[in-house]
Number of protein chains: 2
Amino acid sequence: METRRDVFQAIADPTRRAIIMLLALGALTPNAIAQHFNSSRQAVSKHLRILTECEILRQEQQGREIHYQLNADKMKDIENWLEQFRQMLSKRFEQLDTVLEQLKSNKK
Amino acid sequence: METRRDVFQAIADPTRRAIIMLLALGALTPNAIAQHFNSSRQAVSKHLRILTECEILRQEQQGREIHYQLNADKMKDIENWLEQFRQMLSKRFEQLDTVLEQLKSNKK
DNA sequence: AATATGCGCAACCATTTGATTGCGCAAGTT
DNA sequence: AACTTGCGCAATCAAATGGTTGCGCATATT
């Protein structure tokens with residue numbers, strides 16, 4: 001069984017990020033997506049599979065056509081990871097502010 | 001010349017994400033970082049190089065020791081990319097709210 | 001029924017990646 | 001001066017990756 005990739009590995013590839021951006025505008029079929037890229041339709045199909053497996057995209061079969069759409073909820077995994085740094089950053093800023101306040105009051 | 005990686009490719013690897021998390025707590029030297037991992041010191045050193053090259057980490061030489069620290073500003077590259085989806089999402093929610101409001105007023 | 005279209009599976013290939021090991025240089029210690 | 005420590009360079013290797021091509025199945029059209 002192939003190793004499933006996490007969401008960070010999924011967006012590491014520039015082509016996949018471009019696919020995500022495209023689908024953020026609206027659902028599309030594999031062929032419609034492939035028209036925006038210079039590589040083969042099959043290459044795009046592989047990327048779609050990777051993005052679907054890690055739940056960044058959802059697919060909906062309608063006859064022989066598949067509609068792929070963005071699952072924006074999954075992007076929150078990345079946001080949650082980044083949130084940790086935001087919190088650390090704001091803590092540091094608070095500490096810096098405290099130090100600056102003390103410096104001001106000491107000068108008075 | 002080797003291809004430089006972008007920030008998304010840099011954080012795609014679980015080991016590098018763990019290094020980033022570690023350094024978010026405070027600056028460390030390569031050997032100190034390597035102690036938290038089971039792989040060789042040289043493997044960690046390679047990851048540090050990758051993270052430094054794409055500016056996620058900053059290094060500061062002090063004698064024979066190097067102190068690596070997180071450059072939190074660079075994480076904003078990822079946040080900015082995600083911000084595009086947040087805006088698209090909030091647009092859709094606004095549209096959904098409008099529809100719901102109309103449904104409510106039509107029932108009254 | 002025959003043909004066209006959508007699209008994934010599989011095999012293949014070149015490149016990239018992440019790890020290890022050995023080595024060597026610079027700085028610190030004895 | 002000799003030894004120790006910090007740490008990157010280079011070579012090597014196995015695995016992963018991203019692309020292509022050929023093929024085949026299901027659905028849609030003629």
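Because the structure is predicted, anything quoted here is derived from the model rather than measured.
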Residues of residues 57-69 of chain A with a heavy atom under 4.0 Å from any atom of DNA chain C, listed by number, are A:R64, A:E65, A:I66, A:Y68

*Do B:N71 and B:I56 have side-chain heavy atoms sitting under 4.5 Å apart?*
no

inquiry  = Side-chain N or O of B:R16 versus OP1/OP2 of C:dG18: is the shortest distance under 4.0 Å?
reply    = yes

Open item on the list: Using a 3.5 Å distance criterion without hydrogens, assess whether the side chain of A:R16 forms a donor-acceptor pair with backbone atoms of A:A10.
Closed with: yes

B:M75 and A:W81: side chain to side chain contact (heavy atoms under 4.5 Å, CB included), yes or no, with the steps? CA-CA 10 Å; B:M75 313 302 276; A:W81 187 72; 3.6 Å; yes

Separation of D:dG24 atom C1' from A:R41 atom CZ, nearest Å, is 12 Å

Please examine the side chains of B:L23 and B:Q69, heavy atoms only from C-beta on, and report whether any two atoms are closer than 4.5 Å.
no

Whole-Å distance, A:Q9 CD to D:dT17 P, equals 7 Å

Atom NZ of B:K46 and atom C1' of C:dT17 are separated, to the nearest Å, by 9 Å

Whole-Å distance, A:Q35 CD to C:dC7 C1', equals 14 Å

Residue pair B:P30 / B:V44, side-chain heavy-atom distance below 4.5 Å: no

With a 4.0 Å limit, can you tell me whether B:H47 has a side-chain N or O closer than that to the phosphate oxygens OP1/OP2 of C:dA19? yes

5'-most contact on DNA chain C (nearest-nucleotide basis), B:Q42 vs B:I50, goes to B:I50

Next on the checklist: Is it the case that the side chain of B:Q9 and the backbone of B:D6 share a donor-acceptor pair, with hydrogens and angles ignored and the cut-off at 3.5 Å?
Outcome noted: yes

Contact class for A:S39 vs. all strands (heavy atom < 4.0 Å): base, sugar-phosphate, or nothing?
-> sugar-phosphate

Numerically ordered, the residues 20-29 of chain A set in heavy-atom contact under 4.0 Å with DNA chain C is A:T29

A:I19 atom CD1 is separated from D:dG19 atom C1', nearest whole Å, by 13 Å

Between CG of B:D13 and P of D:dA15 the distance, given in whole Å, is 17 Å

Of the listed C:dG6, D:dT21, C:dC9, the closest approach to the A:S40 side chain comes from D:dT21

Short N-O contact, A:E55 and A:K74, less than 4.0 angstrom:
yes

Taken to the nearest whole Å, CZ/A:R49 to P/D:dG19 is 15 Å

Any salt bridge linking A:R5 with A:D13? Criterion: basic side-chain nitrogen under 4.0 Å from a carboxylate oxygen.
no

(message) In the structure I gave you, are the side-chain heavy atoms of A:I19 and A:Y68 within less than 4.5 Å of one another anywhere?
(response) no

Here the distance between atom C1' of D:dT17 and atom CD of A:E53, to the nearest Å, is 14 Å

